[in-house]
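Here's the structure we're looking at; comments come further down.
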Amino acid sequence: MGAQRTVIKTQVGIVGGGPAGLMLSHLLSKSGIENIVVEKRDHETIRTTHRAGILEHGSVRMLTETGVSDRVLTDGYRHDGIDLRFGGVSHRIDFQDLVGESVWLYPQNEVFTDLAAARERDGGDVRYGVSDTSVTDLTTDTPKILFTDAEGTEFEIHCDLLVGSDGSAGICKRSIPKDARTDNFIEYPFAWFGILTEAAPSAPELIYANSDRGFALISQRNEHVQRMYFQSDPNEDPEAWSEERIWDELQARVEGPDGFELKRGPIFEKTVLKFRSYVCEPLRYGNLFLAGDAGHTVPPTGAKGLNLALADVQVLFEAIDSFYATKSPELLEGYSDKALKRVWRAQNFSYWMTSMLHTREDASPFERKRALGELSGVVASRHGSAYLAEAYTGWPNS
């Protein structure tokens, strides 16, 4: 079987053509480093998979200043704060006032669209719709990617370095022997029931609501389509919920003396999003390097997933670029430790936001009131609000 494969040689082989893999490919190509990306999904499937996206200021700069696209600035929505709503009262966390930064509402599939267009524009080698992908020889000087392309031709990529950016369910992480990695994770006893609705925005910025009935997030997508979530059982059946029931539940979770009312409209998508916190340590095995969800996942409450992936890519690109420019492996050897510092910082923030805003079904009155006391402390203290604002808008790479 192996003798029948067409062998391709490149410097960096990348498994996974989502935002992390395509951004790394873009940066490497700009620096003259050859690379090939393979992705099991087809382009259209990724482009049309709707996922929320809050981009930190650093992620926005990465997209615009490296020449990917400035569409995030023209089509995205700049948000200078969020509302924390509890006890039926909203408290604005003003990012600009507290830390002088903002975030951008820009869906993840639009980030993919920009990156895919940039790779096509620049002649990047990205192969969508591949199958039977595997990686081998990870601890040698020539790690390999085996796959079958969309036309049924079998290939074998020989590379110097191999990057796994193939998501939490990908093959790369699982190719690291169990005795060579530590899987750190916790499961959450709740999920998010999410909807997409044809409606006008209910608020100019995101609302994170803590209520006796559980958490709710009132988000936006554009002027005509909105995304909203409420805390639910992980095994909830979306089809068991009528539109009226969904809207009534969402409204009950943001009800307050200010009379705030959600703007309702037809619901055209219902999903239940399960999540957990996970970190693979280390993010390197031989000449395999993990980036993005392949190496770690966070609950969506802190809006860190895509931003962490792009931060990984920045650190990894600098290490690879240094390796080829100086022949020194120093930065490559330090990649995992450096990336994990930010990952664990983001895990802490995401866990904190999730725990503070959600209500477990078995929570005691003490636990419920403690969480409300924590929220009150955050909004009453400029220092507490500034911590949230700094973490939410993004830390510099360091």
Side-chain angles (χ1 to χ4, degrees), residues 19 50-65 68-86 89-111 113-114 192 194-197 199-210 215-230 250 253-254 258 260 262-263 298-311 346 349-350 352-354 356-357 375 378-379 382 384-396:
H50 298 293
R51 297 185 64 182
I54 291 291
L55 295 184
E56 299 171 359
H57 56 89
S59 298
V60 171
R61 282 200 298 270
M62 182 181 284
L63 288 168
T64 56
E65 294 180 4
V68 173
S69 170
D70 64 357
R71 206 161 63 92
V72 60
L73 301 179
T74 59
D75 295 6
Y77 297 84
R78 189 179 110 173
H79 285 189
D80 295 334
I82 59 171
D83 273 351
L84 294 182
R85 188 172 176 88
F86 55 98
V89 178
S90 286
H91 306 264
R92 187 165 185 264
I93 305 296
D94 189 329
F95 299 156
Q96 277 291 319
D97 174 58
L98 292 162
V99 295
E101 298 289 359
S102 301
V103 296
W104 273 256
L105 178 74
Y106 194 62
Q108 183 167 322
N109 57 304
E110 297 297 340
V111 175
T113 297
D114 292 343
W192 281 9
I195 65 164
L196 281 171
T197 176
S202 292
E205 296 171 336
L206 273 64
I207 299 174
Y208 288 80
N210 174 306
F215 169 76
L217 172 60
I218 310 306
S219 183
Q220 305 88 23
R221 186 171 177 85
N222 55 44
E223 294 177 0
H224 310 290
V225 175
Q226 314 310 320
R227 181 175 285 280
M228 303 181 191
Y229 301 92
F230 61 87
L250 280 165
R253 298 194 185 196
V254 297
D258 59 1
F260 176 70
L262 296 173
K263 292 183 170 60
V298 291
T301 326
K304 284 285 158 279
L306 176 56
N307 294 293
L308 266 185
L310 295 179
F349 174 67
S350 299
W352 175 65
M353 286 280 284
T354 302
M356 182 171 60
L357 289 163
L375 282 162
V378 169
V379 302
R382 183 173 179 85
S385 296
Y387 166 73
L388 193 157
E390 180 188 41
Y392 196 95
T393 59
W395 311 282

Inset, instruction - List in chain and number order the residues that pass side chain to side chain donor-acceptor pair (under 3.5 Å) with Gln226, two or more places apart in sequence or in another chain; answer none if no residue qualifies. - result: none
Legend entry - Min side-chain heavy-atom separation Glu101-Glu390 under 4.5 Å: no
Legend entry - Atom pair CE (Met62) and NE2 (His57), whose distance is rounded to the nearest 0.5 Å: 12.0 Å
Inset, instruction - Describe, in one word, how the ring planes of Phe215 and Tyr208 are oriented to each other, choosing from parallel (under 30°), tilted (30 to 60°) and perpendicular (over 60°). - result: tilted
Inset, instruction - Say whether Tyr392 and Asn307, considering side chains only, have a donor N or O and an acceptor N or O under 3.5 Å apart. - result: no
Inset, instruction - Using a 4.5 Å cut-off on heavy atoms from C-beta on, say whether the side chain of Leu306 contacts that of Pro19. - result: yes
Inset, instruction - Verify the ring-centre separation between Phe95 and His79: is it less than 6.0 angstrom? - result: no
Legend entry - Non-hydrogen atoms of Arg78 and Ser102 that approach each other most closely: NE-OG, 3.5 Å
Inset, instruction - Verify side-chain contact (heavy atoms from CB on, under 4.5 Å) between Ile218 and Ser202, making sure each step is shown before the conclusion. - result: CA-CA 8 Å; Ile218 310 306; Ser202 292; 4.1 Å; yes
Inset, instruction - In plain terms, say whether Asp97 and Arg382 are close enough for a salt bridge, that is, a side-chain N and a carboxylate O under 4.0 Å apart. - result: yes
Legend entry - salt bridge (Lys or Arg N to Asp or Glu O under 4.0 Å) partners of Arg61, counting only residues at least two apart: none
Inset, instruction - Could you tell me which non-hydrogen atom of Tyr77 sits nearest to which non-hydrogen atom of Glu223, and how far apart they are? - result: OH-N, 3.5 Å
Inset, instruction - Could you tell me whether the side chains of Ser219 and Arg227 share a donor-acceptor contact shorter than 3.5 Å? - result: no
Legend entry - Arg71/Asp114 ion pair, N-O < 4.0 Å: yes
Inset, instruction - Name all residues meeting the salt bridge (Lys or Arg N to Asp or Glu O under 4.0 Å) criterion together with Asp70; count only those two or more places apart in sequence or in a different chain, and write none if there are none. - result: none
Inset, instruction - Starting from the C-alpha separation in whole Å, work towards a yes-or-no answer on side-chain contact (heavy atoms from CB on, under 4.5 Å) for Ile54 and Tyr106. - result: CA-CA 6 Å; Ile54 291 291; Tyr106 194 62; over 6 Å; no
Inset, instruction - Evaluate the side-chain proximity of Phe86 to Val379: yes if any heavy-atom separation is below 4.5 Å, no if none is. - result: yes
Legend entry - Distance (rounded to the nearest 0.5 Å) between Ser350 OG and Trp352 CH2: 11.0 Å
Inset, instruction - Test Thr64 against Val72 for side-chain contact (heavy atoms from CB on, under 4.5 Å), laying out the working first. - result: CA-CA 8 Å; Thr64 56; Val72 60; 3.8 Å; yes
Legend entry - Contact check, side chains of Val60 and Leu73, non-hydrogen atoms, under 4.5 Å: yes
Legend entry - Exam field: side chain Ser59 to backbone Leu55, donor-acceptor pair closer than 3.5 Å: no
Legend entry - Candidate list Val103, Asp94, Leu206, test side-chain contact (heavy atoms from CB on, under 4.5 Å), partner Ile82, passing option: Leu206
Inset, instruction - Using the side-chain contact (heavy atoms from CB on, under 4.5 Å) rule, take Trp192 and Thr301 through it: C-alpha gap first, then chi angles, then the decisive distance, then the call. - result: CA-CA 10 Å; Trp192 281 9; Thr301 326; 3.8 Å; yes
Legend entry - Presence of salt bridge, Asp83 and Arg85, under 4.0 angstrom: no
Inset, instruction - For residues Leu217 and Phe230, determine if any side-chain heavy atom of one lies less than 4.5 Å from a side-chain heavy atom of the other. - result: no
Inset, instruction - Mind checking the CG-CG spacing from Leu357 to Leu375? Nearest 0.5 Å is all I need. - result: 5.5 Å
Legend entry - Any side-chain heavy-atom pair of Met353 and Leu388 under 4.5 Å: yes
Legend entry - Side-chain heavy atoms of Lys263 within contact of Pro201, under 4.5 Å: no
Legend entry - Beyond-backbone contact of Pro204 with Gln220, side-chain heavy atoms, under 4.5 angstrom: no
Legend entry - Interatomic spacing from CG in Asp80 to CG in Leu98 - rounded to 0.5 Å: 11.5 Å
Inset, instruction - Measure the spacing between OG of Ser90 and CD1 of Ile93 and express it to the nearest 0.5 Å. - result: 11.0 Å
